[in-house]
Amino acid sequence: MVEIVIEKPEFDQNPSPLVVMGIFESKEYDKYLKYLSSKAKNALKELVSENGFTGKLGTSVMLPILGNTEIERILLMGLGKKEKFTRDTARRMAGKSALKAREIHQSNFSIFPFVESEEDDVEAIAEGIFLSLYNFDKYKTKDSEIENNKIQRVKLLVHNTNVEKLQAMIGKAKAITDAVNFARDLGNLPPNDCSPTQLISYGLTMADNFGLSATILERYQMESIGLNGIVSVGKGSDNPPKMLILEHNGTSADATPYLLVGKTVTFDTGGISLKPSEKMDEMKFDKCGGCTVLGLMRAVSELKLPIRVIGIMPCVENMPSSSSYRPGDIIRMFNGKTVEVLNTDAEGRIILADAIAYGVKTFRPRLIIDLATLTGASIIALGANVAAMIGTAVDLKTRLKKLSKDTGEKMWELPLWEEFHDQIKSHVADIKNIGGRPAGAITAAAFLSNFTDGIPWVHLDIAGTAWTQDGTSKKSYNPKGATGFGLRTIVKFFMEESLKGSET
Ligand code: BES
Ligand code: MN
Ligand code: ZN
């Protein structure tokens, strides 16, 4: 496991095998010169001023300094235009540096913050390093190349004297990225090792380790209280559905909570409305919303946020069989509304709707955030790098959008106007579970809005962003597979909310 420590850039006392230096297109490298021996200084000067290292974003050069004991190599990272530099650029460049260091089998390296105001960068750099070194190798029987080349220690080179504050920032980044990597680990599990029972038991173990209270609803319990949406979708599989409810009580147990709900379909074949076989394997990632909720609960607990948060994971496997629910079925949902099933592949909205209604009735939350790999239509609308955001919580939407600029988890709002509700009216029931091809991501959200009982709510459709897929742009800190998308932004929202609470 990699550790990041703060150290002063005094290389005569602390020699380094590899030092990462960021260079903007403006090529201001003077700030590094004072720390370097004359040999290193000359090598750097020559490369930047004479040999045309441009500092363009995405470019990098590994510069060996022969016969220099203080610094054996400099890794120059192009940072692009200074005006365009964001925290997400810092995160990506730090991640890329870590991957380059791993590539050349370094077990440790040093890195300067990219911007003058060092504190602004520390968190993003730490996140970039922790996230990029994530690697899912549970199923490799031989040690992989990566397994043999683990980076153990990164020194963050600052002359800032407030070391404690910086260490605390790194500690927070570690707690958050550990939670992201935990969500990734579960998201990446193959469906044969991740039935609802297995996934929920991973969640329960986490809850025990992190001091969260947990309740599990078994199928018979869901039947008896009328969670018929979840029970119906789960009927076709021999692996019974389950629901996990986690609770973080950072204040009093009767404080008005925040409610998180995550779509947790361990595998989505489409059911009787069977999906085509092409890329069906990717439907193991249909549990990612729920995995992110698990990660979020872990993070709020580890960060000891003084707020109350409830996380609900309705967990099913969507399979075709003689016991499956069918097109034409009408389901009486937990909140009493009736749903005509016209496509068993639109299963996510059905299980989410029940879980949301259950959360609303049981906890009367102040707001609801749901995360779901809900529609292919959201990918058609926004591509594989942006989540669709739809909902009624005006302030929350603004806050998430703003935070997502820093986190790099792009979210874009789609409207939820009356016309869209018309598309899901049913002739025989209150609503139907599909609204036709047009505006498919929105009609899915319109469906969910029937179950929020007027509580401010935001839905994030993470179908395009929950894992790396066709059309995903490369980011060093998102290795192949589940990404944990949404966790960092939402945890930031909770951190802001926690500060508010302590002021009043
Ligand atoms: N899990 C899928 C959505 C999905 C598809 C996510 C592809 C990521 C990539 C969801 O359950 C689903 O099948 N949705 C259908 C809804 C349709 C039947 C109205 C879809 O998007 O095709
Ligand atoms: Mn489906
Ligand atoms: Zn699905």
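What you are looking at is a predicted structure, and each value in this text was computed from that prediction instead of being measured. All heavy atoms count here, side chains included; hydrogens, waters and symmetry mates do not. Ligands are counted one by one from 1 in listed order, and the atoms in each one are counted from 1 as well.
- Side-chain contact check for N343 versus P327: every heavy-atom pair is 4.5 Å or farther apart.
- Counting non-hydrogen atoms of other residues, nucleotides and ligands closer than 6.0 Å to NZ of K475 gives a total above 12.
- The Mn ion (ligand 2) is closest to atom OD2 of D268 (considering only N, O or S atoms).
- Restricting E347 to its N/O/S atoms, the shortest distance to the Mn ion (ligand 2) is reached by OE1.
- Between S132 and S476, the side chains place no donor N or O within less than 3.5 Å of an acceptor N or O (distance only, hydrogens not considered).
- Taking 2.8 Å as the criterion, D286 does not count as a coordinating residue of the Mn ion (ligand 2), since none of its N, O or S atoms falls below it.
- D370 and K263 are not joined by a salt bridge, as no carboxylate oxygen comes within less than 4.0 angstrom of a charged side-chain nitrogen.
- Here the N, O or S atom of D268 that is nearest to the Zn ion (ligand 3) is OD2.
- Taking the Zn ion (ligand 3) as reference, the nearest N/O/S atom within D286 carries the name OD2.
- The aromatic rings of F285 and W467 lie parallel to each other, with less than 30° between the two planes, well short of the 60° mark.
- Donor-acceptor pairing under 3.5 Å is lacking for the side chains of Q423 and T443.
- Take the Zn ion (ligand 3) as the corner point: the lines to OE2 of E347 and to NZ of K263 open at 90°, to the nearest 10 degrees.
- Taking the six-membered ring for Trp and the full ring otherwise, F447 and F451 have centroids separated by under 6.0 Å.
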Ligand 1: which protein N/O atoms lie under 3.5 Å from its N/O atoms?
| unit_1 | atom_1 | unit_2 | atom_2 | d |
| --- | --- | --- | --- | --- |
| ligand 1 | 1 (N) | K263 | NZ | 3.3 |
| ligand 1 | 1 (N) | D268 | OD2 | 3.3 |
| ligand 1 | 1 (N) | D286 | OD1 | 2.8 |
| ligand 1 | 1 (N) | D286 | OD2 | 3.0 |
| ligand 1 | 1 (N) | T373 | O | 3.3 |
| ligand 1 | 11 (O) | K263 | NZ | 3.1 |
| ligand 1 | 11 (O) | D268 | OD2 | 2.9 |
| ligand 1 | 11 (O) | D345 | O | 3.1 |
| ligand 1 | 11 (O) | E347 | OE1 | 2.8 |
| ligand 1 | 11 (O) | E347 | OE2 | 2.9 |
| ligand 1 | 13 (O) | K275 | NZ | 2.8 |
| ligand 1 | 13 (O) | D345 | O | 3.0 |
| ligand 1 | 13 (O) | D345 | OD1 | 2.8 |
| ligand 1 | 13 (O) | D345 | OD2 | 3.1 |
| ligand 1 | 14 (N) | L374 | O | 3.4 |
| ligand 1 | 21 (O) | G376 | N | 2.7 |

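- Considering T483, D88, T177 as possible partners of Y477, the one that fulfils the side-chain hydrogen bond (donor to acceptor under 3.5 Å, both in side chains) test is D88.
- Between W417 and F420, the ring planes lie parallel to each other; the angle is under 30°, not in the 30° to 60° tilted range.
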